[in-house]
Participant: 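Dumping the structure here so I can ask a few things about it.
Worth knowing before you read on, the calculation uses all heavy atoms, side chains too, and leaves out hydrogens, waters and symmetry mates.
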Amino acid sequence: MRLPSVSAALLAALAWTVDATDRDDLKSISLRTHSLQQPYLDSDMQSRWFDFGGDTVVRTDSYIRLTSDRPSQSGWLFSRVPLTATNWEVEVEFQISGKNQLYGDGLAMWITKQRGQQGPVFGSADRFEGLGIFIDTYKNNRPGVVFPYVMAMFGDGQKSYDKANDGKDAELAGCSARGIRHATVPTKLRLTYIQDKQLRLELQYKSEDEWQLCFETEQPPAIPNIAYLGFSAETGELSDNHDIISVSAKNLYSSPGVTGSTSNKGKTSRSKSHLVKGGGSWTWFFTKIFLFAMVCGGSYVGYTAYRAKSKSHRF
């Protein structure tokens, strides 16, 4: 009989369904225009998609160094074209290192209307419009806060960054990240933006492939439609090497017909109504398959009995 093979098929289908249910609702497409990897430069010693300036040094086999471990340096790296995707994810490998016991000032990532403007906020312009992510390695005045400190600030083009208080008044969200400087594993950040739904920052610096949630908000600010991806760094009397190793940017989108909420790296978040609806439909699907298999099995048994009875009547 074929019932065992039918059962095996049902089990295989069930295993596939469980795997499919646990996958992210979002798909992604790589954005080459906002990604960087070695050797960084084209054959004419220029980058097709990024500009850099200030004290930035490009070492094609290793890194893009925004500042060297020297006092009073600042450098920047900005995309040439704006990041126009509605939903996106940017993963950056970077390194902060130096030979001194006292160090500063820090590294910034930008999604702003301004681009390539040297200034006092981690090497880039103040009164920016858009989003800034600051990895602040030097504590000026934040009692009770452990440094290095990672924070987000949303600028409206008018508000100034208060360096004397480490941006406390303008902080959107943040977290302490002790150990991110001179980490024993590659240090990375991953910033995910879903318009009107999610702004999420994760860090890797404790263990490889282990991401620490820095912050997440379900009411993100409205990032300008025309905004450039950039990085900058600054040193003062104290210094550090601030290096960008690689940048991987992706455009996120929902699959056709998928209306669930977003998730990240296998951790799916859905509403109860979505789960009930999805579960019910799959249950009915497998019920129909089971009933069909039972009908086929019954028909096969009946047909076998009929043949046996027919043979007995011939003799």
Participant: Can you tell whether the side chains of D51 and R115 come within less than 4.0 Å, N to carboxylate O?
Facilitator: yes

Participant: Please answer whether the main-chain N or O of R70 pairs with a side-chain N or O of S68 as donor and acceptor at a distance below 3.5 Å.
Facilitator: no

Participant: Do L189 and I64 sit in one hydrophobic cluster, given that two such residues count as connected whenever their side-chain heavy atoms are within less than 4.5 Å of each other, even indirectly?
Facilitator: yes

Participant: Which heavy atom of L229 sits nearest a heavy atom of F50, and at what distance?
Facilitator: O-CE2, 4.2 Å

Participant: Do W76 and I133 belong together in a cluster built from hydrophobic side chains that touch within less than 4.5 Å?
Facilitator: no

Participant: In this structure, would L83 and F78 fall into the same cluster of hydrophobic residues linked by side-chain contacts under 4.5 Å?
Facilitator: no

Participant: Please name the pair of heavy atoms, one in A152 and one in F215, separated by the smallest distance, quoted to 0.1 Å.
Facilitator: CB-CZ, 3.7 Å

Participant: At what distance, to the nearest 0.5 angstrom, does NZ of K197 lie from CD of Q219?
Facilitator: 13.5 Å

Participant: Report whether V92 and L31 are members of the same hydrophobic cluster (ILVMFWY, side-chain heavy atoms less than 4.5 Å apart, transitive linking).
Facilitator: yes

Participant: Check whether any side-chain heavy atom of N241 sits under 4.5 Å from a side-chain heavy atom of I96, and report yes or no.
Facilitator: no

Participant: Side chain to side chain contact (heavy atoms under 4.5 Å, CB included), that's the test. Do K188 and W211 meet it? Break it down for me.
Facilitator: CA-CA 9 Å; K188 297 180 181 181; W211 291 90; 3.7 Å; yes

Participant: Say you draw a straight line from OG of S62 to CD of Q38; how long is it, rounded to the nearest 0.5 Å?
Facilitator: 6.5 Å

Participant: Side chain to side chain contact (heavy atoms under 4.5 Å, CB included) for L191 and W88? Distances and angles first, verdict last.
Facilitator: CA-CA 8 Å; L191 184 66; W88 43 261; 3.8 Å; yes

Participant: Look at the side chain of S124 and the backbone N and O of V121, then say whether any donor-acceptor pair between them is shorter than 3.5 Å.
Facilitator: no

Participant: With no hydrogens and no angle check, is any side-chain donor or acceptor of T192 less than 3.5 Å from a backbone partner on E89?
Facilitator: no

Participant: Taking all non-hydrogen atoms of both residues, which atom of S35 and which atom of A249 are closest, and how far apart?
Facilitator: OG-N, 3.0 Å

Participant: List, one per line, each side-chain donor-acceptor pair under 3.5 Å for residues 171-178, sequence neighbours excluded.
Facilitator:
| residue | atom | partner | partner atom | Å |
| --- | --- | --- | --- | --- |
| E171 | OE1 | R142 | NH1 | 3.4 |
| E171 | OE1 | R142 | NH2 | 2.9 |
| E171 | OE2 | Y149 | OH | 2.6 |
| E171 | OE2 | G174 | N | 3.3 |
| S176 | OG | V146 | O | 2.9 |

Participant: For the residue pair E202 / Q204, report whether a side-chain donor-acceptor contact shorter than 3.5 Å exists.
Facilitator: no

Participant: Between S160 and D126, do the side chains contain an N or O donor and an N or O acceptor separated by less than 3.5 Å?
Facilitator: yes

Participant: Is it the case that the side chain of N87 and the backbone of Y253 share a donor-acceptor pair, with hydrogens and angles ignored and the cut-off at 3.5 Å?
Facilitator: no

Participant: Yes or no on side chain to side chain contact (heavy atoms under 4.5 Å, CB included) for I111 and Y193, after CA distance, side-chain angles and deciding distance?
Facilitator: CA-CA 11 Å; I111 310 289; Y193 177 74; over 6 Å; no

Participant: Check whether D136 reaches the backbone of Y138 with its side chain - one donor and one acceptor, N or O, closer than 3.5 Å.
Facilitator: yes

Participant: Keeping the roles fixed (side chain from N140, backbone from N165), state whether a donor-acceptor pair exists under 3.5 Å.
Facilitator: no

Participant: How far does OH of Y103 sit from CZ of R181, to the nearest 0.5 angstrom?
Facilitator: 5.0 Å

Participant: Any side-chain heavy atom of H242 within less than 4.5 Å of one from F231?
Facilitator: no

Participant: What pair of heavy atoms forms the shortest contact from W110 to S232, and how long is it?
Facilitator: NE1-OG, 2.8 Å

Participant: Any side-chain heavy atom of V90 sitting closer than 4.5 Å to one from S248?
Facilitator: no

Participant: Can you give me the closest heavy-atom contact between F147 and T137, atom names plus distance?
Facilitator: CD2-C, 4.3 Å

Participant: Can you list everything that forms a side-chain contact (heavy atoms from CB on, under 4.5 Å) with E216? Sequence neighbours excluded, please.
Facilitator: Q198, R200, L213

Participant: Starting at CD of Q117, measure out to OH of Y228 and round the result to the nearest 0.5 Å.
Facilitator: 11.0 Å

Participant: Do you reckon M109 sits in the same ILVMFWY cluster as L131, going by side-chain contacts under 4.5 Å, direct or chained?
Facilitator: yes

Participant: Is there a side-chain contact between P71 and E237 (heavy atoms, below 4.5 Å)?
Facilitator: no

Participant: Are side-chain heavy atoms of L26 and I194 found at a separation under 4.5 Å?
Facilitator: yes

Participant: Can we call the ring centroids of F122 and F134 under 6.0 Å apart?
Facilitator: yes

Participant: Distance-only, no hydrogens or angles: does the D156 side chain make a donor-acceptor pair with backbone N or O of Q158 under 3.5 Å?
Facilitator: yes

Participant: Could you tell me whether E210 atom CD has more than 12 heavy atoms of other residues or ligands within 6.0 Å of it?
Facilitator: yes

Participant: Assess whether atom CD of Q195 is packed by more than 12 heavy atoms of other residues, nucleotides or ligands within 6.0 Å.
Facilitator: yes

Participant: Is a side-chain N or O of T187 found less than 3.5 angstrom from the main chain of F94, in a donor-acceptor match?
Facilitator: yes

Participant: Taking it one step at a time, do T67 and S239 satisfy side chain to side chain contact (heavy atoms under 4.5 Å, CB included)?
Facilitator: CA-CA 8 Å; T67 72; S239 60; over 6 Å; no

Participant: CG/L66 to CG/D55 distance, rounded to the nearest 0.5 angstrom?
Facilitator: 10.0 Å

Participant: Any chance CG of N100 has more than 12 other-residue heavy atoms, nucleotides or ligands included, within less than 6.0 Å?
Facilitator: yes

Participant: Could you give the distance from CG (D243) to CZ (R59), rounded to the nearest 0.5 Å?
Facilitator: 10.0 Å

Participant: Test your reading of the model: is there a side-chain donor-acceptor pair from N251 to the backbone of A85, 3.5 Å cut-off?
Facilitator: no

Participant: Return yes if some donor-acceptor pair links the side-chain N/O of D166 with the main-chain N/O of N141 below 3.5 Å, else return no.
Facilitator: yes

Participant: Among Q73, Q118, K163, find the residue that satisfies the side-chain hydrogen bond (donor to acceptor under 3.5 Å, both in side chains) test when tested with E234.
Facilitator: K163

Participant: Please give me the minimum heavy-atom distance between W49 and R32, naming the atom from each residue.
Facilitator: CD1-O, 3.5 Å

